[in-house]
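The block underneath contains the structure these notes are about, expressed in structure tokens.
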Number of protein chains: 2
Amino acid sequence: MTPPAATAPNAAELRTVRTPAGQAKDRILDTAFRLFYAQGLRAAGIDTIIAESGVAKATFYKYFPAKDDLILAYLERVDGVWTGQLHAAAEAAGPDPSDQLVGLFDALSTACRRDGYRGCAFINAAAESASGTRVHERTVAHKQHILAWIRDLADKAGVQDPDRLARSLTLVLDGGLASGVLDADPAAAAAARATAAQLVAAALAPSPAPK
Amino acid sequence: MTPPAATAPNAAELRTVRTPAGQAKDRILDTAFRLFYAQGLRAAGIDTIIAESGVAKATFYKYFPAKDDLILAYLERVDGVWTGQLHAAAEAAGPDPSDQLVGLFDALSTACRRDGYRGCAFINAAAESASGTRVHERTVAHKQHILAWIRDLADKAGVQDPDRLARSLTLVLDGGLASGVLDADPAAAAAARATAAQLVAAALAPSPAPK
DNA sequence: CTTGCCGTAGACAGTTCTGTCTGGTAGCGT
DNA sequence: ACGCTACCAGACAGAACTGTCTACGGCAAG
């Protein structure tokens, strides 16, 4: 009966406890989302993520064969969340595309007021990943999606040069996000919104040839 | 004569080679500058820096008791270099402060055309350091210096709201720098300059109350 | 009941990283 | 000639990290 294993803890009172469902993966992703963003991709170790998820190591590696796979899944989730907030903020500004172009900057204000705000997860991830890696490529793709979406809004707003306006606005947005990793100053977000409003207004005006 | 040490390599043909001067520290800093920027603070290991500097480990730890000390020295050097390039670009634009406010963006264009460009060393460093650490504080201080300098230029240019213009310009500048870690697109730098020119022009104009 | 899947628990290997320590060498001023 | 200083070379310790492996428990479907 008693196993001869000297190292094995007597399995009697062994709390293997629970196994809710196929939700171990979700717990891992939740923890990764939190730790990767708060500490950075490299600073957050696999062991810590496993421990805080309350998951067995074998389970972890079943779902994410390598750390990079988890990082990619994390970025995927961030993409969904952030894009959603951006769209929501834009739509909250009303049906007019030119209003939406300004309104989307409210997502920045909201984000930087959140506790533990540490700037843009994608910019931070790019800073930690070598170019050419899957992680880095993923961040580039994200930024391109955002740029395309803003360009689309600018197009609908009927400005003369949608590309130019979209470029300017993403610069301001990225600037606001990047400064967030330094200090989560709400004034920067407000300034970004004001600057965006100015740029959109100028793009809509008859424009006396700004140069 | 022959040392009894079994492990010791016979010191006969030992090339301890050179000891130029007190320049070991410089070589370390040069290597750190290169590797920290190219790979990131965490990805660049002490051992690699030591090996590529051609320096003994003891020498290294004599000058930099901990890795953080080297990182701080690295940031100090980056600050000097980047601030210098910014000032030079501004001055190259002529004596008029309003021209300098636009001209400083030429430093961004130049930087992103450089091989191995990977965005702003400070933003990247901030992404890898926890807030509250010396490294993080140093990056914040850098950005504040830049902001103060631009504000000063805006003041001299005689715009109505120097704070507001300086905020906008740093947002655009940071945006250009942040996007540099994703892809070193010269178009982004050009767009940043154009946006800056537009913002400066608008700030100087009689301004029909932009809202 | 048995079989297979999903899960826990944790030992283990192999690498890498930071930081310490010993020992030896070359030049320089006195 | 002597000692001082700055340097090179590399072994070593201790920790942390990623990833593999064995062993076991419970649940549901056939």
Side-chain angles (χ1 to χ4, degrees), chain A residues 1-29 31-32 35-36 39-72 128 133 135, chain B residues 1-29 31-32 35-36 39-72 128 133 135:
Chain A
M1 232 9 176
T2 46
T7 65
N10 34 353
E13 200 63 34
L14 228 185
R15 292 192 183 194
T16 312
V17 239
R18 70 210 51 154
T19 311
Q23 254 107 358
K25 189 172 180 177
D26 288 336
R27 263 179 301 161
I28 296 170
L29 258 174
T31 309
L35 293 186
F36 277 152
Q39 307 181 358
L41 304 184
R42 268 189 140 88
I46 293 282
D47 278 351
T48 309
I49 292 172
I50 286 174
E52 294 215 10
S53 307
V55 148
K57 215 161 191 183
T59 305
F60 174 87
Y61 277 102
K62 179 188 170 186
Y63 289 116
F64 305 101
K67 188 179 182 181
D68 264 16
D69 295 312
L70 179 61
I71 293 176
L72 264 333
E128 286 197 81
T133 56
V135 172
Chain B
M1 229 13 174
T2 46
T7 64
N10 34 355
E13 198 62 33
L14 229 184
R15 291 194 182 191
T16 313
V17 238
R18 71 211 52 153
T19 311
Q23 254 106 358
K25 189 172 181 179
D26 287 337
R27 264 179 301 161
I28 296 170
L29 258 174
T31 310
L35 294 186
F36 278 153
Q39 307 181 358
L41 303 184
R42 270 189 138 87
I46 294 280
D47 278 351
T48 309
I49 293 172
I50 286 173
E52 294 215 11
S53 307
V55 149
K57 215 160 191 183
T59 306
F60 174 87
Y61 278 101
K62 179 188 170 186
Y63 289 116
F64 305 101
K67 189 180 181 179
D68 265 16
D69 296 311
L70 179 61
I71 293 176
L72 264 334
E128 286 198 80
T133 56
V135 171

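Naming: A, B, ... by sequence-line order, numbering from 1 per chain. Since we're looking at a predicted model, the values are computed, not measured. Heavy-atom basis, side chains included; hydrogens, waters and symmetry copies ignored.
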### Message
Checking B:Tyr61 now: which residues fulfil ring-ring contact (aromatic ring centres under 6.0 Å, His included) with it, not counting sequence neighbours?
### Response
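For B:Tyr61 there are no ring-ring contact (aromatic ring centres under 6.0 Å, His included) partners, ignoring immediate neighbours.
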
### Message
Under the side-chain contact (heavy atoms from CB on, under 4.5 Å) test against A:Phe64, which residue among A:Thr59, A:Leu70, A:Ile71 passes?
### Response
A:Leu70

### Phosphate OP1/OP2 of D:dC8: any B:Thr59 side-chain N/O under 4.0 Å
yes

### Task
Give a yes/no on whether any side-chain N or O of A:Arg27 is located under 4.0 angstrom from OP1 or OP2 of C:dT8.
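Yes, such a contact exists.
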
Could I get a table of every N or O pair under 3.5 Å where one atom is in the protein and the other is in nucleotides 19-21 of chain C?
{"residue": "C:dG19", "atom": "OP2", "partner": "B:Lys67", "partner atom": "N", "Å": "3.0"}
{"residue": "C:dG19", "atom": "N7", "partner": "B:Lys57", "partner atom": "NZ", "Å": "3.4"}
{"residue": "C:dG19", "atom": "O6", "partner": "B:Lys57", "partner atom": "NZ", "Å": "2.4"}

Nearest whole angstrom, please: distance from the [atom2] of [N] to the [atom1] of [X].
| X | N | atom1 | atom2 | answer |
| --- | --- | --- | --- | --- |
| A:Lys25 | C:dC5 | NZ | C1' | 16 Å |
| A:Tyr63 | D:dT18 | OH | C1' | 20 Å |
| A:Phe36 | D:dC17 | CZ | C1' | 13 Å |
| B:Leu41 | C:dT18 | CG | C1' | 15 Å |
| B:Leu35 | C:dT18 | CG | P | 12 Å |
| B:Gln23 | C:dG27 | CD | P | 15 Å |
| B:Lys62 | D:dC4 | NZ | C1' | 11 Å |
| A:Arg42 | C:dT15 | CZ | C1' | 14 Å |

### side-chain contact (heavy atoms from CB on, under 4.5 Å) partners for B:Ala66, two or more places apart
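For B:Ala66, the residues satisfying side-chain contact (heavy atoms from CB on, under 4.5 Å) (neighbours in sequence not counted) are B:Asp69.
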
### Atom pair NZ/CZ of B:Lys25 and B:Phe60 - distance to nearest 0.5 Å
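Answer rounded to 0.5 Å: 11.0 Å.
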
### Message
Measuring from atom CZ of A:Arg42 to atom CZ of B:Arg42, what distance do you get when rounded to the nearest 0.5 angstrom?
### Response
9.0 Å

### Task
Could you pull out the closest heavy-atom pair between B:Lys67 and B:Ile46, with the gap in Å?
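For B:Lys67 and B:Ile46, the tightest heavy-atom pair comes out as CG-CD1, 3.6 Å.
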
### Message
If you assign B:Thr48 and A:Val55 each to the DNA chain C nucleotide with the nearest heavy atom, which residue ends up on the more 5' nucleotide?
### Response
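Of the two residues, A:Val55 wins.
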
Only pairs under 3.5 Å count here: list side-chain donor-acceptor contacts from residues 47-55 of chain B, not counting sequence neighbours, and write none if there are none.
{"residue": "B:Asp47", "atom": "OD1", "partner": "B:Lys57", "partner atom": "NZ", "Å": "2.9"}
{"residue": "B:Glu52", "atom": "OE1", "partner": "B:Arg34", "partner atom": "NH1", "Å": "3.2"}
{"residue": "B:Glu52", "atom": "OE1", "partner": "B:Arg34", "partner atom": "NH2", "Å": "3.0"}
{"residue": "B:Ser53", "atom": "OG", "partner": "B:Thr31", "partner atom": "OG1", "Å": "3.0"}
{"residue": "B:Ser53", "atom": "OG", "partner": "B:Ile49", "partner atom": "O", "Å": "2.5"}

